[in-house]
Amino acid sequence: MEYTQLGRTGLKVSRLVLGTMNFGPQTDEADSHAIMDAALDAGVNFFDTANVYGGPENKGRTERIVGNWFAKGGDRRDKVVLATKVYGNMAAAGDAWPNHDKLSALNIRRAVDASLKRLQTDYIDLYQFHHIDRRTPFEEIWQAIDVLVQQGKILYVGSSNFPGYKIAQANEIAARRNGTIGLVSEQCLYNLAERRAEMEVIPAAQDYGLGVIPWSPLQGGLLGGVVKKEVAGGRRATGRAAETLADPGARAKIQAYEDLLDKHGIDPGEAALAWLLTRPGVTGPIVGPRTAEQLESALRAVELELSQEVLDGLDEIFPGPGPSPEAFAW
């Protein structure tokens, strides 16, 4: 496994991030524990979760699965850089209550204590804002974070799904508050088929020293060889991937992508991950395996070196938007 610094921090993290969103809804606890054991054995030390993961009726279940795994001992917690998130309402459907969501100081305090209990740990390495809160000022947010850092409950703070201007705003306000370090990472939607983050989000992250952690690196399975699997009678595309393939033009682009990689004998899913590892500012993509086999495929991507010919071919099929403001100004 390869390691890198998380943004401008001294924290060393693996180039692959183990996403746990499927633990509970799609993968039972025993298999989830086996996947985490395999990831740790392979050197993956960066695990990502969120307080709301577990399904609409089981929010918090994923954190509990991770917490039960930590409780097995064997230095599991000490070896893992643990990231979780706050923002979503943890109440059951139809039972939402004021101040039980978003980024008010009250909810941050309540949410971090609840996550620590579910995760069976006394600190969180990276506490991430799952979305922007348009009503809560960053002065209030950073004040709440300062208290948690002083209490030893969290070490670093990151963002998720933030636009570039909010990354700048958050860190400028943090810098004015006695030099608070501010955000150290941004978790955003970024992959070969969705490159809009290159216009504003990634440049802002780079300028402010944030590590970029792409989520959905396979665009909901679209970049994992979905056409070939469909033809072979395998698992059919669902969700975002199925919607994309319904468009003939988009389907032709995915077919061209799979044909290019088939020509070079490269697995599409592994190529999509390897491409992200070549991108400036990227710390590591989040992989969310449902099975041990999917984890093994993701691990192979770390060692995969894409030739310039392949990289040029991928850019031709999935061209980036170009730099800002030229990408939209003229």
Side-chain angles (χ1 to χ4, degrees), residues 13 16-40 44-71 76-77 80-96 100-103 107-108 110-121 123-133 153-154 156-162 185-189 213-221 238-240 284-292 294-295 298:
V13 294
L16 281 184
V17 184
L18 181 68
T20 63
M21 189 174 184
N22 290 320
F23 295 175
Q26 297 194 46
T27 306
D28 66 24
E29 183 158 343
D31 287 343
S32 298
H33 286 191
I35 290 171
M36 287 187 279
D37 280 334
L40 200 60
V44 177
N45 77 332
F46 198 3
F47 288 20
D48 177 75
T49 189
N51 60 352
V52 293
Y53 290 172
E57 303 303 322
N58 290 286
K59 296 173 184 177
R61 183 183 179 192
T62 302
E63 284 189 333
R64 284 191 290 271
I65 289 173
V66 176
N68 290 339
W69 180 75
F70 285 146
R76 284 174 169 84
R77 177 64 189 95
V80 167
V81 174
L82 174 64
T84 192
K85 309 182 193 75
V86 57
Y87 180 86
N89 198 303
M90 293 296 290
D95 193 30
H100 279 202
D101 63 359
K102 300 188 174 63
L103 303 179
N107 188 56
I108 288 175
R110 176 187 292 121
V112 75
D113 284 341
S115 284
L116 288 170
K117 183 176 180 179
R118 287 188 293 267
L119 290 163
Q120 300 188 52
T121 186
Y123 72 100
I124 294 162
D125 297 285
L126 179 64
Y127 201 48
Q128 301 164 109
F129 307 135
H130 213 162
H131 198 279
I132 62 170
D133 184 344
K153 293 181 178 180
I154 65 173
Y156 302 94
V157 180
S159 57
S160 182
N161 307 307
F162 271 35
S185 63
E186 160 60 18
Q187 191 176 128
C188 61
L189 175 60
I213 307 170
W215 61 266
S216 194
L218 304 187
Q219 189 67 353
T238 58
R240 190 164 59 241
I286 297 173
V287 296
R290 296 185 304 275
T291 65
Q294 290 178 344
L295 174 63

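The structure displayed is predicted, hence computed values, not measured ones.
Residue P289 comes nearest to G19 through the heavy atom pair CD-O, 4.1 Å, listed as atom of the first residue, atom of the second, then distance. Pairing each heavy atom of S32 with each of G24, the nearest pair is OG-N, 4.3 Å. Nearest heavy-atom pair, L295 versus A39, reported as atom, atom and distance to 0.1 Å: CD2-N, 3.6 Å. Closest of all the heavy-atom pairs between I213 and S185 is CD1-CB, 3.9 Å. Nearest heavy-atom pair across P25 and R61 is N-NH1, 4.4 Å. For P214 against G284, the heavy-atom pair with the smallest separation is CD-O, 3.4 Å.
The CG atom of D113 sits 12.0 Å away from the CD1 atom of I108 when rounded to the nearest 0.5 Å. Here M90 contributes atom CE and S115 contributes atom OG; the two are 6.5 Å apart, rounded to the nearest 0.5 Å. If you take OG1 on T27 and CE on M21, they are separated by 12.0 Å, rounding to the nearest 0.5 Å. Taken from CD1 in I65 to CG in D28, the straight-line distance is 8.0 Å, to the nearest 0.5 Å. If you take NE2 on H33 and CE on M36, they are separated by 4.5 Å, rounding to the nearest 0.5 Å.
Using a cutoff of 4.0 Å between basic side-chain nitrogens and carboxylate oxygens, D31 and R290 are not scored as salt-bridged.
Put simply, the side chain of N107 gets close to the backbone of K102: a donor and an acceptor are under 3.5 Å apart. The backbone N or O of L103 sits less than 3.5 Å from a side-chain atom of D133, completing a donor-acceptor pair. Here the side chain of E186 pairs no donor or acceptor atom with the backbone of G158 at under 3.5 angstrom. One N or O on the side chain of N22 and one on the backbone of G288 form a donor-acceptor pair closer than 3.5 Å. Side chain of Y127 to backbone of V112: a donor-acceptor contact under 3.5 angstrom is found. A distance-only check finds a donor-acceptor pair linking the side chain of T62 to the backbone of G54 [under 3.5 Å]. D101 places no side-chain N or O within 3.5 Å of a backbone atom of N89 that could act as its donor or acceptor partner. Looking only at distances, no side-chain donor or acceptor of S160 sits under 3.5 Å from a matching main-chain atom of H131. Between the side chain of T20 and the backbone N or O of F23, no donor-acceptor pair lies under 3.5 Å. Between the side chain of N161 and the backbone N or O of H130, at least one donor-acceptor pair lies under 3.5 Å.
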key: Trace of the side chain to side chain contact (heavy atoms under 4.5 Å, CB included) decision for N68 with Q120   = CA-CA 7 Å; N68 290 339; Q120 300 188 52; 2.8 Å; yes

request  = Verify side chain to side chain contact (heavy atoms under 4.5 Å, CB included) between D37 and R76, making sure each step is shown before the conclusion.
outcome  = CA-CA 9 Å; D37 280 334; R76 284 174 169 84; 3.0 Å; yes

inquiry  = For a side chain to side chain contact (heavy atoms under 4.5 Å, CB included) check, start with the C-alpha distance between L116 and K153, then their side-chain angles and the critical distance, and finish with the verdict.
reply    = CA-CA 8 Å; L116 288 170; K153 293 181 178 180; 4.0 Å; yes

ask   = Does the pair N51 and K59 meet the rule for a side chain to side chain contact (heavy atoms under 4.5 Å, CB included), with working shown?
value = CA-CA 7 Å; N51 60 352; K59 296 173 184 177; over 6 Å; no

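Applying the side chain to side chain donor-acceptor pair (under 3.5 Å) rule to S216 yields the partners R240; only residues at least two apart in sequence or on another chain are considered.
Of the candidates N45, L40, D125, T121, L40 is the only one forming a side chain to side chain contact (heavy atoms under 4.5 Å, CB included) with V80.
Annotation: side chain of Y156 is not in contact with side chain of I124 (no heavy-atom distance under 4.5 Å). In this structure, L16 and F46 have side chains that are not in contact, with every pair of non-hydrogen atoms separated by 4.5 Å or more.
Between the side chains of E63 and T84, a donor-acceptor pair is found at a separation under 3.5 Å.
For F47 and W69, the ring centers sit closer than 6.0 Å to each other.
Sequence neighbours left out, the pairs with a member in residues 81-91 that pass salt bridge (charged side-chain N to carboxylate O under 4.0 Å, His left out) are D48-K85.
Within the cation-pi definition used here (under 6.0 Å to the ring centroid, within 45° of the axis), R77 qualifies as a partner of Y123.
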